[in-house]
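Working notes, beginning with the structure itself.
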Amino acid sequence: MAPLTCTKLSLITIAGVVTQIIGLSFFVFGFFPVKPALPGTSGSESFYVPACDFVSNQSDTTLPSDKLKSSYQELSGIPPSFDRLILMIVDGLPAEFVLGKDGKPPKKQFKEAMPYTQSLLASGSAIGYHAKAAPPTVTMPRLKAMVSGAIGGFLDVAFNFNTQAMTDDNLLGQFFKIGWKMVMLGDETWLKLFPGLFKRHDGVSSFYVKDTVQVDQNVSRHLGDELSKDDWDLLILHYLGLDHVGHIGGRNSALMAPKMKEMDEVVKLIHSSINQSQGNGQGRTLLMIVSDHGMTENGNHGGSTYEETDTLALFIGLRNHVFDYASVINQIDIAPTLALLFGVPIPKNNVGVLIREAFDSLKEDKHLRALELNSWQLLRLLQAQLSGLPCRNFPCDAFYDHQSSGSTDCNHETEDMLCCLYIEATTLYTSWKSKRGFESASTKDYSSAAAAYYKFLKSASEWLSRRSTDKPVKLLALGLATMFVSTVILSSLMFCRLREIYHGGKQQSLNLNDSMNGWSLDETFILSVILILVSSMTSSSMVEEEQYIWYFLISTFYLLLLRKTAQSLCAVRFQSSFFTQNGQSREGYFRMCFVFLLLTSGRVLRGWHQGGVNWTSLPDISKWLEQAGSQHVKSLQLISAFLVISIGLFALFSIESKGKCFQMVRLSFLISGLLVLLHITKYQDYTFSSTNYGATLLVQIIYAILGVATIGTVVALPWVIPFSTSKICPTDNTISPLFLSIHEKFPLVELRDSLYVIGWAYVLCWCLLQLLLQQPINTTPILLLLLQILAGTLYFARSGTHHKEWVEIAAFYYLGMAGHFALGNTNTLATIDVAGAFIGISSHSTLLSGILMFIITYASPMFILLSLVIYISMKNMAHLVIPEKAGPGDHLMMMLGFSCLVPLVINSILLTSYTVVLLLMQNHLFVWSVFSPKYLYVCATAVCTYIGVFIVATTGFYAYFVLDMRKQKPYSC
């Protein structure tokens, strides 16, 4: 087999990565399709029993709006209970804050923050529910669920950042058809979902989370005028401030109670206005207060925990009820309830169930009629989705004749069970109607019919809600096969490279330690890590608590390093002469110190955040510091930031060269570091204030200086670095453990010098960005990660050939993943730091915010990949080149081959393996709440790996070719 050349290796690697991206795209679009919906909208046909051999009916579109409204009321047989609707959405408000939890009242501070709302609940003037939301718990899909009654696709979490017009049947479309005039104030998501439907509107961006004040004042400033007008039928008020408070400070933020008090004042104003308008004969108005999602202790959302899915549904205007703290509904139940309360057809794709208490004021026949209409609507969905439904043509076929005349247990397969429940409810309703007006008719008959309808509705709703969509098998198979091919390509390249280096020539193997020729314990462990990770992916609990696997594995690897270092020290003592022993022992003790630094910093990182899902309430270092007070957090943040900046600047200022280019690099990063410290001391407490122009401007200046300094260093340094016998890196290993001499075996010393400086520019730039963007409590973990990277790099650089390069780079990759969880990240979407994604942005930009969110979330993995440039410059890899065959391509493969291939191969294996797991778990109970969010993280990790490897490879290629060109044609700087 012909040996690999640099060109061949590069082209095949690029082909493998592109193949993987194509396969991943096929699989994602096949596994996460936009959930299919029945076309069209509900119309007059929804008030009739589903036709035999059901086909989709077209709604009435020819009638004028006023006649259509009258027609709906006549056909439904249920008079509208209200004339106008005020829908108030308090974004992110957990029901627990208003209704309590587990049947207990809310906490004292929350109860006292909303005295007027609590008085309405206590007097029976309001009825509240814990409305369970379906994941993903982000705004756009939750709004769509409330107005359509349908559960959207999982990828709505991505569409949440780029909302498109809603085309499915929904309440607002039904209201518009009957001539309602609608007004919207607040979150501009409504304007994107329903363009052209609102008579008046004033939208604000929902993603600019720094703003907790003006975003709500923009709504309330119009409220008095709108309440005094009678030219609207639906008024939507979407308040975002409480959600933004949560993103900034969490559930227990000092701003939470004042914000709830502000919302309580709004409720009081609206309710007083409603009472006054009803006294003036303006018709009955229903005030409904809802929240789209809850929030975790940290104030984030997006996952499926109780805290995130516990939303509020509060009706003010229904007849008096005895308040029950424990009342629970589904969020999708809001849509059919509002539809029948206001006399419009239930949206076509609704899977919700009528809220019982909302119809208690109706007479028995009207209540049963409402349940019948809801049952017909769900039956139409069942007919469309179950071709084998036995009662799909009921009452035209003979299915009814096969059922017993009395009540049955309906213990059948899904289709038969649903049919049995539906027919039982219909039979009881028909029996009650036949007895109505006679003495034989009793409340018991009515209750039995209502209970039978609710049983059918609940069963049908649950089945329709959890039913997985039909997935294109061919597309999934193509995507998985393509990813498998890419994994084989990249793994084969890795295998060929290993064989060429370690088994390709007798002449080079003689120069290596004996341990390089066979499998050692650390190599076996590195490979077993992949097997452990792949096998653990099949368990939902292991996915939820994945951080413990990484902590255990990386700690075990550090212990293996400790064992190997101790063995080498013992071997030196028994086998070497006195003078050789003295030098080698010193090197061994240095390596031992680095291992202890790795173990110590790793242990602190592990205890910094109690991540995962099940044990987040347990104490950790971050909680202790926050409980101790903000001053302690601030002090530790300043110390950590100062040390991070000092380490980076020390590395740059230790460079011997005094050229103007190096002076500019040093000065730029020095200024950036000082500005970051200024921001922390003066502005960070006000970073999230939308009115603090100075803080935003300062961050933008830091962004600009860092960008210019880093890019300028990468582009200019290879052109100006001097060709001379002096080296930029220190030459005496014994003076400082931070820097190593560049061995003379390597033919192009200036390349390693350039990469050394560029690598430190990357690392320092990344550290300064993290100091700006991460939560203050995460500043110390950034310092610890930097120490681990330095200790690991120095250990491997001093270890010579004791470890194979692919083992060292794989260990760095694992360190990056362990650091990812140590910064507080998990496999749930709720831990994504949205607040930090708006630092330095004066107005909302989806692109810029998305980039910053990615930088925050993948701080550790990208940190590791960028630090590989320093590792390349400090590691002696001359033994990877066969001297008699050495050429320019061999030099590049020697430095960049493993650094690019190892991360790509590990990522490829894990990505393909988890794709198989997700496919196998597609019918698992937790497929959408556990496995699918994890898969999104796996995909994002793949993107991070692609970007990091691209930066490393591009930097190496660019520096090499510039220096090679200068060497061929000398250039004086």
query: Is there a side chain to side chain contact (heavy atoms under 4.5 Å, CB included) between E364 and W432 once you walk through the steps?
result: CA-CA 10 Å; E364 292 180 350; W432 178 86; 3.6 Å; yes
message: Applying side chain to side chain contact (heavy atoms under 4.5 Å, CB included) to F342 and I178, what does each step give before you reach the verdict?
response: CA-CA 11 Å; F342 288 92; I178 63 173; over 6 Å; no
- request: Might you work through the side chain to side chain contact (heavy atoms under 4.5 Å, CB included) test for I289 and V267, ending with a clear yes or no?
  value: CA-CA 9 Å; I289 304 170; V267 174; 3.5 Å; yes
message: Checking L172 against M166 for the side chain to side chain contact (heavy atoms under 4.5 Å, CB included) test, could you report, in this order, the C-alpha distance in whole Å, the side-chain angles of both residues, the deciding distance, and whether it holds?
response: CA-CA 10 Å; L172 271 67; M166 186 174 183; over 6 Å; no
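Remark: I332 CD1 to S461 OG distance equals 4.5 Å, nearest 0.5 Å. With rounding to the nearest 0.5 Å, the separation of CG in L341 from CG in L318 is 7.0 Å. Between the CG atom of N330 and the OG1 atom of T311 there is a distance of 9.5 Å, given to the nearest 0.5 Å. Atom CG of L237 sits about 7.5 Å away from atom CD1 of I89, to the nearest 0.5 Å.
Using a 4.0 Å cut-off between charged side-chain N and carboxylate O, K458 and E462 make no salt bridge. Comment: R251 does not engage E307 in a salt bridge, judged by the lack of any side-chain N to carboxylate O separation of less than 4.0 angstrom. Remark: K259 engages E262 in a salt bridge, criterion side-chain N to carboxylate O under 4.0 Å.
Side-chain contact check for N298 and T296: no donor-acceptor pair (N or O, by modelled atom type) lies under 3.5 Å. One side chain, Y129 or E357, offers a donor N or O that lies under 3.5 Å from an acceptor on the other. A donor and an acceptor atom, one from each side chain of H293 and D91, are located under 3.5 Å apart.
Classified by interplanar angle (parallel below 30°, tilted 30° to 60°, perpendicular above 60°), the ring pair W180/F175 is parallel. By the 30° and 60° cut-offs, the orientation of the rings of Y453 relative to Y429 is perpendicular. In this pair, F198 and F194 present their aromatic rings perpendicular. The plane angle is above 60°, beyond the 30 to 60° band.
Residues L382 and A460 come closest through the heavy atom pair CD1-CB, 4.1 Å. When every heavy atom of L428 is checked against every heavy atom of A452, the shortest pair comes out as CD1-CB, 3.7 Å. Residue P347 comes nearest to S42 through the heavy atom pair C-OG, 3.7 Å, listed as atom of the first residue, atom of the second, then distance. The two residues Y454 and L354 have their closest heavy-atom pair at CE2-O, 3.5 Å. For the residue pair S459 and L421, the shortest heavy atom distance occurs at OG-CD1, 3.4 Å. Shown here for V98 and Q118, the closest heavy-atom pair between the two residues is O-NE2, 2.9 Å.
The closest donor-acceptor contact from the side chain of Q331 to the backbone of A131 lies at 3.5 Å or more, if one exists at all. Panel note: side chain S253, backbone G246; no donor-acceptor pair is recorded below 3.5 Å. Although no hydrogens or angles enter the test, the distance criterion places no donor-acceptor pair under 3.5 Å between the side chain of H130 and the main chain of A95. Listed for the D202 side chain is no donor-acceptor partner under 3.5 Å among the backbone atoms of L185. T285 contributes no side-chain N or O that, together with a main-chain N or O of R84, makes up a donor-acceptor pair within less than 3.5 Å. Between the side chain of S220 and the backbone N or O of Q217 there is no donor-acceptor pair closer than 3.5 Å. Proximity of a side-chain donor or acceptor of R142 to a complementary backbone N or O of A134 within less than 3.5 Å is detected. For the pair R380 (side chain) and N349 (backbone), a donor-acceptor distance under 3.5 Å is absent. A donor-acceptor distance shorter than 3.5 angstrom exists from the side chain of K366 to the backbone of G77, with no hydrogens or angles considered. D310 contributes a side-chain N or O that, together with a main-chain N or O of E96, makes up a donor-acceptor pair within less than 3.5 Å.
Remark: H271 pairs with Y116 by the ring-ring contact (aromatic ring centres under 6.0 Å, His included) rule, at least two apart or across chains.
The environment of K199 atom NZ is dense: over 12 non-hydrogen atoms of other residues, nucleotides or ligands sit within 6.0 angstrom. Annotation for E74: atom CD does not count as buried by contact number, only 12 or fewer foreign heavy atoms lying within 6.0 Å.
Two residues are said to be in side-chain contact when any heavy atoms from C-beta on lie closer than 4.5 Å; L223 and I270 meet this criterion. No side-chain heavy atom of F97 sits less than 4.5 Å from a side-chain heavy atom of P106.
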